[in-house]
Amino acid sequence: MKYKNILIIMIITILFTGCSASKKDELLNEGKLALERHEYTKAQELLSQALTADSTNENARSMYIQAVKMKDAAEYEEKKNYDKAIACLEAIENLKGGSSDIKNEASKKKKELIKLNEEYKKAQEERKENAKDASSQGQYKLEQDAIKENQKQEAIKEEEEQKTQEEENNQQNNQSGNTQDGTIQENTGDVIQMPSNQQSQPGQVHQPQQQPQV
């Protein structure tokens with residue numbers, strides 16, 4: 001009876017161990033399949049369960065890292081951050097174990113991204129140079145416009161000064177003409193009106209007319 005119980009316990013242990021190993025293998029296989037289908041989130045979940053069941057399974061660990069890095073590389077590529085995407089793919093290449101299909105895919109993808117990265121950086125440099133040229137042209141136009149505006153203001157100022165000078169000259173000419181009114185100012189300050197029909201002879205002095213005495 002004692003040996004019978006021991007035998008039953010051994011059978012149960014073997015069955016339990018077999019079921020446990022079968023479950024781990026199933027999780028590992030399903031995780032690998034999801035990884036190679038590019039279902040990276042699902043692959044991470046399955047492989048995480050496989051590692052929980054057996055933390056010593058290095059193959060499961062490598063495939064889990066592959067899923068994480070492939071997902072990150074795809075996100076970086078979408079944002080045109082090619083340097084970080086290439087770094088993720090290189091990490092996959094350097095892993096021991098994991099899916100060989102994913103390693104080959106990572107190597108192929110890395111070559112494509114290196115080429116895209118070179119083209120992207122070249123385009124960036126060209127845009128910078130074009131921006132500099134456009135900025136220089138814009139600055140030159142502003143300077144030329146400023147020069148033209150200054151010249152215009154100087155011409156207006158010169159025209160105004162010339163007009164003012166002409167007005168001053170006209171006023172002086174008008175004042176000079178007003179002195180010819182036919183009057184003579186004596187020392188006493190009296191003004192004696194000269195008849196317009198009398199002309200003075202050379203050497204003749206006109207005497208003022210005396211008023212008749214009453």
Side-chain angles (χ1 to χ4, degrees), residues 20-159:
S20 178
S22 176
K23 181 64 175 177
K24 287 188 291 185
D25 290 341
E26 182 180 352
L27 289 170
L28 188 64
N29 291 333
E30 288 181 358
K32 180 181 179 182
L33 185 61
L35 173 63
E36 292 175 349
R37 287 178 176 174
H38 302 164
E39 299 172 356
Y40 301 124
T41 301
K42 182 179 179 181
Q44 285 177 247
E45 293 173 356
L46 292 168
L47 293 168
S48 178
Q49 293 177 32
L51 287 169
T52 300
D54 182 9
S55 60
T56 63
N57 192 326
E58 293 300 324
N59 195 37
R61 192 181 306 279
S62 294
M63 285 193 292
Y64 180 86
I65 294 173
Q66 284 179 326
V68 172
K69 294 297 183 181
M70 287 296 287
K71 183 179 178 180
D72 289 345
E75 291 176 355
Y76 286 132
E77 180 185 2
E78 185 176 355
K79 296 176 182 178
K80 297 188 183 301
N81 192 340
Y82 297 120
D83 289 327
K84 288 188 176 181
I86 291 168
C88 290
L89 298 173
E90 287 177 344
I92 293 172
E93 288 180 320
N94 296 328
L95 277 175
K96 293 181 178 179
S99 169
S100 58
D101 289 347
I102 292 296
K103 280 190 176 184
N104 293 333
E105 186 177 336
S107 297
K108 183 179 178 180
K109 191 66 177 178
K110 186 182 79 170
K111 292 178 181 178
E112 293 177 2
L113 292 185
I114 289 173
K115 184 178 180 180
L116 283 175
N117 196 27
E118 290 174 353
E119 294 174 353
Y120 179 71
K121 289 181 176 180
K122 183 179 179 181
Q124 279 187 321
E125 290 298 323
E126 289 178 353
R127 283 195 294 270
K128 287 180 181 179
E129 291 299 324
N130 292 336
K132 287 180 181 179
D133 292 341
S135 177
S136 299
Q137 291 175 1
Q139 184 64 28
Y140 176 77
K141 186 177 183 302
L142 288 174
E143 291 174 354
Q144 293 301 310
D145 290 344
I147 291 172
K148 289 179 181 179
E149 183 63 24
N150 289 337
Q151 291 174 345
K152 181 179 178 181
Q153 294 298 328
E154 289 292 334
I156 293 172
K157 184 178 179 181
E158 185 177 351
E159 184 178 352

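Throughout, numbering of the chain's residues begins at 1 and tracks the sequence.
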Counterpart residues, side-chain contact (heavy atoms from CB on, under 4.5 Å), relative to Glu125 (two or more places apart): Lys128
Side chain proximity check, Ile86 to Glu90, heavy atoms < 4.5 angstrom: yes
task: Only pairs at least two apart or in different chains count here, so list each ring-ring contact (aromatic ring centres under 6.0 Å, His included) that has a residue in residues 91-119.
output: none
From CG (Asp25) to NZ (Lys23), nearest 0.5 Å: 11.5 Å
- request: State the CD-SG distance between Glu75 and Cys88, to the nearest 0.5 angstrom.
  value: 9.5 Å
- line: The side-chain contact (heavy atoms from CB on, under 4.5 Å) partners of Lys148 (sequence neighbours excluded) come to none
- prompt: Residues two or more places apart in sequence or in another chain: which of them pass salt bridge (Lys or Arg N to Asp or Glu O under 4.0 Å) with Glu119?
  reply: none
Results of salt bridge (Lys or Arg N to Asp or Glu O under 4.0 Å) for Lys103 - residues two or more places apart only: none
Per-pair distances, 0.1 Å, donor-acceptor, side chain in residues 36-49, under 3.5 Å, sequence neighbours excluded:
| from | atom 1 | to | atom 2 | distance (Å) |
| --- | --- | --- | --- | --- |
| Glu36 | OE2 | Ser99 | OG | 2.6 |
| His38 | NE2 | Glu105 | OE1 | 3.0 |
| His38 | NE2 | Glu105 | OE2 | 2.6 |
| Thr41 | OG1 | Lys71 | NZ | 3.3 |

- prompt: About how many Å separate CE of Met70 and CD1 of Ile92, when rounded to the nearest 0.5 Å?
  reply: 5.0 Å
- prompt: Who pairs with Glu159 by side chain to side chain donor-acceptor pair (under 3.5 Å), at least two apart in sequence or on another chain?
  reply: none
- line: So side-chain hydrogen bond (donor to acceptor under 3.5 Å, both in side chains) across residues 79-88, not counting sequence neighbours, yields Asp83-Asn117
- prompt: Does atom CD of Gln124 have more than 12 heavy-atom neighbours, drawn from other residues, nucleotides or ligands, at distances under 6.0 Å?
  reply: yes
Partners meeting side chain to side chain donor-acceptor pair (under 3.5 Å) with Gln144 (sequence neighbours left out): none
Glu93 CD to Ile102 CD1 distance, which is reported to the nearest 0.5 Å: 12.5 Å
message: Tell me every residue that passes side chain to side chain donor-acceptor pair (under 3.5 Å) with Asp145, counting only those two or more places apart in sequence or in another chain.
response: Lys141
field: Which residues share a side-chain contact (heavy atoms from CB on, under 4.5 Å) with Glu149, sequence neighbours left out
entry: Lys152, Gln153
Pairs satisfying side-chain hydrogen bond (donor to acceptor under 3.5 Å, both in side chains), at least one member in residues 55-69, at least two apart: Asp54-Thr56
- prompt: Once you round to the nearest 0.5 Å, how far does CG of Leu51 lie from CE of Met63?
  reply: 9.0 Å
